[in-house]
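Notes follow once the structure below has been shown.
This one's a predicted model, so the numbers in the text were calculated from it and none came from an experiment.
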Amino acid sequence: MAREFQRGHKAKISDLTPGTDLYVGVQIAAPGLTFDISCFGLDANEQLSDDRYFIFFNQPKSPEESIQLLGAQSGDTESFRVTLDRIPAAIQKLSFTATLDGSGQMSQIGPGYIRIVAGGEEVVRYAFTGSEFTTERAVMLGDFYLKDVWRFAAVGQGFDGGLDALLKNFGGEVAEEEAPPAAAPAAAPGFAPPAQAAAPPAFGAPPAAQAPQPAPSFGAPPAPTPSPAPQQPMHAAPTIAAPLAPQTPQAPQAPSPYGQPHQPQQPHQPQQPQFGQVPGQGVPPAPPFGQQAPAPYGQPAPAPYGQQPPVGMPPGVPQGMPQGVPQGAPATGAGLQAALQPYKETATGQRWTPQNQQLMRVDLTMGGSGVLARQGSMVMYQGKVDFGYKSAGFVGRAVGNATGQEMQLMRCTGRGQVFLAEEGSHLHPIELQGDAICVSAESVLAFDESLQYEVRRVEGHGIPGGALFTMQFQGTGTVIVKTHGTPVVLPVTPTTFADCNAVVAWSAASQVIVSSQVRLRRNVYPGHSGETVNLQFRGAPGNFIVVQPYEV
């Protein structure tokens, strides 16, 4: 029986099926809309570093045929064959996507799904509807990703920009078609449709007869032979790239005599006067070498050579004019969109996504559990999110007060996205997979509710109270650590020492002892170094400490 996934659910492929030869089917449709369904083969950085692993209608298989586009069959709009044990080591992730070809929005689609079939039996299905989307024009449906073993994740993350935004997210770009080469006199013009006997155009859908059918070892449930995939009228006609009217080339102008300014030849037709120039006047001659040309009428003169324009103003822009807006263009034009583009929300389909160094986004619709965050760290949220007070209980408050590791937390639940930050601190997501890490409570911004945490004691002589304390997090989930500035991660060696007020975190398997040179800060006598408690770290290879360039 197939497992039903919701958005954000993940599972190991080995828990779904022992096979590695899989059939992936996608069903998505809407009245009057056409969809392009593709598969992106990504590297360890989730980038399309090899274009041969972008599998779509014009490139139906990878070089070693570990990923193949099969076409529409068995009730699926599009289908793929994926052989996991043949995928090269450079490919760490397969992202299955759907994009709109033409106008429309993903909110218009009907019920759809992405499913996995192994040995003729459906093992998992992620169903979605148009109500889960708004203005998106492209959507990542599901991912196969390699994390010690191959796993599957139901994503359901959309992009407003369509295929262009999807390619940019994966580090690619949309290539423009080049103009066709000059043809013989008897050939059709460059902008005419190709003859029927010629090869299919570059962006045409491959013929249905060429799509390989799934083998019995992994094949989809039996179904009648599908009809040939309809040709996409939008891609069938090539782009008009040849000029519609021939242009007469102009003879090159002879160079001006040495030491004299260059005088351009007058064209056959009179040129339009420039802004601020009286009609009928010619182009003013170039100024002598080393001197600036006079400014056009009605415009301010440029700054003298070697001098800077007023602070905050680019060269040649008169005072009082709004920044970032070209002359004569409205303030809401393309210039404004271009200025805001670098700061748009980043959505990667993951539960935790850094927006920049100081802002973290958590998607509560993924993962199935809530998030515990420091009170007051929420700066914005989208969707239906509930914020509740997380009580530590009497014992927790007593331990926190006694150890200094008390955290005032709030619980975030619901369906939406929450943006977290605190005083411009740098934020770093640390994902735990059953392992543990020790972090000072002062350095914790938020963490998944699925993680277990407790106060740990670091004993030592000469320390007030006889010990230092830290928080230990363990389990499966993510903890967000905040630092002042960019931290450094150092391997633990027998000679690794650190100031206890600069250490942010360390691996839980490290042995921490107080340095024999420890001194308490005493400013009452001269000659003291001013340093506080030093800690020495010991451990096997693989242990680490995280130190920030700041003392709390």
Side-chain angles (χ1 to χ4, degrees), residues 5-9 22-42 46 48 53-61 67-82 93-117 124-145 152-170 172 174 203 205-206 211 220 226 229-235 347-350 365-366:
F5 271 25
Q6 301 295 325
R7 187 191 326 195
H9 283 188
L22 307 177
Y23 171 94
V24 179
V26 176
Q27 205 283 329
I28 184 170
L33 299 183
T34 304
F35 297 88
D36 290 331
I37 302 172
S38 313
C39 176
F40 290 83
L42 309 176
E46 298 189 3
L48 183 64
Y53 289 89
F54 176 29
I55 310 303
F56 64 115
F57 52 83
N58 199 40
Q59 187 168 258
K61 60 183 179 181
I67 314 167
Q68 302 178 39
L69 184 71
L70 303 180
Q73 57 179 312
S74 302
D76 299 328
T77 309
E78 190 62 87
S79 60
F80 300 82
R81 179 182 181 179
V82 177
K93 187 174 185 179
L94 305 179
S95 181
F96 294 89
T97 66
T99 58
L100 275 167
D101 185 3
S103 60
Q105 299 176 352
M106 287 295 176
S107 59
Q108 301 173 248
I109 64 175
Y113 59 80
I114 179 173
R115 62 172 180 161
I116 301 176
V117 178
V124 67
R125 174 186 292 239
Y126 162 48
F128 52 85
T129 63
S131 61
E132 300 180 25
F133 309 105
T134 54
T135 60
E136 294 91 339
R137 293 178 40 78
V139 61
M140 296 186 298
L141 301 174
D143 292 344
F144 287 85
Y145 64 100
F152 175 74
V155 180
Q157 179 67 46
F159 293 85
D160 287 349
L163 179 60
D164 193 5
L166 193 62
L167 282 171
K168 289 180 179 178
N169 178 70
F170 292 140
V174 179
F203 285 91
Q231 297 288 335
Q232 304 295 337
M234 177 177 179
H235 297 309
T348 61
Q350 304 297 326
T365 61
M366 305 180 65

note = Heavy-atom nearest pair, Phe54 first then Leu48, reads CB-CD2, 4.0 Å
key: Main-chain N/O of Gly104 paired to Arg137 side chain as donor or acceptor, under 3.5 Å   = yes
Reported CD1-to-CD1 distance for the pair Ile28 and Ile114, which is rounded to 0.5 angstrom = 10.5 Å
ask   = What's the spacing between Asp143 CG and Gln157 CD if we round to 0.5 Å?
value = 10.5 Å
message = Please report the interatomic distance CG(Leu166) to OG(Ser95), rounded to the nearest 0.5 Å.
response = 7.0 Å
message = Leu163 and side-chain contact (heavy atoms from CB on, under 4.5 Å): which single residue from Thr99, Leu100, Asp36 fits?
response = Thr99
ask   = Any side-chain heavy atom of Gln73 sitting closer than 4.5 Å to one from Tyr23?
value = yes
request  = Check the pair Val139, Phe128 against side chain to side chain contact (heavy atoms under 4.5 Å, CB included), reporting the backbone distance first and the verdict last.
outcome  = CA-CA 11 Å; Val139 61; Phe128 52 85; over 6 Å; no
inquiry  = Main chain of Gly130, side chain of Glu132: is a donor-acceptor contact present, judged purely on distance under 3.5 Å?
reply    = no
key: Shortest non-hydrogen contact from Thr97 toward Met140   = CG2-CG, 4.0 Å
query = Where do Tyr126 and Phe5 come nearest, in terms of heavy atoms and distance?
reply = CD1-O, 3.6 Å
Min side-chain heavy-atom separation Glu46-Phe40 under 4.5 Å = no
inquiry  = Among Leu141, Asp76, Thr129, which residue satisfies the side-chain contact (heavy atoms from CB on, under 4.5 Å) criterion with Tyr113?
reply    = Asp76
task = Locate the shortest heavy-atom distance separating Cys39 from Phe80; write the atom from each residue and the value.
result = CB-CE2, 3.9 Å
Verdict with reasoning, Met106 to Phe35, per side chain to side chain contact (heavy atoms under 4.5 Å, CB included) = CA-CA 10 Å; Met106 287 295 176; Phe35 297 88; 4.0 Å; yes
inquiry  = Are Thr77 and Val26 packed together at the side-chain level, in the sense that at least one heavy-atom pair is separated by less than 4.5 angstrom?
reply    = no
request  = Look up atom CZ in Phe57 and atom OG in Ser38, then write down how far apart they are to the nearest 0.5 Å.
outcome  = 7.0 Å
Nearest non-hydrogen partners of Ser79 and Gly71, listed with the distance = OG-O, 2.6 Å
ask   = Below 4.5 Å, heavy atoms only, C-beta onward: do Tyr53 and Leu94 meet side chain to side chain?
value = no
request  = Look at the side chain of Gln59 and the backbone N and O of Phe56, then say whether any donor-acceptor pair between them is shorter than 3.5 Å.
outcome  = no
inquiry  = Quick check: do Val24 and Phe152 have side-chain heavy atoms less than 4.5 Å from each other?
reply    = no
ask   = Which atom pair, heavy atoms only, marks the closest approach of Gln350 to Lys93?
value = NE2-NZ, 3.5 Å
remark   = Distance col, row Gln27:CD vs Ile109:CD1, nearest 0.5 angstrom, shows 9.5 Å
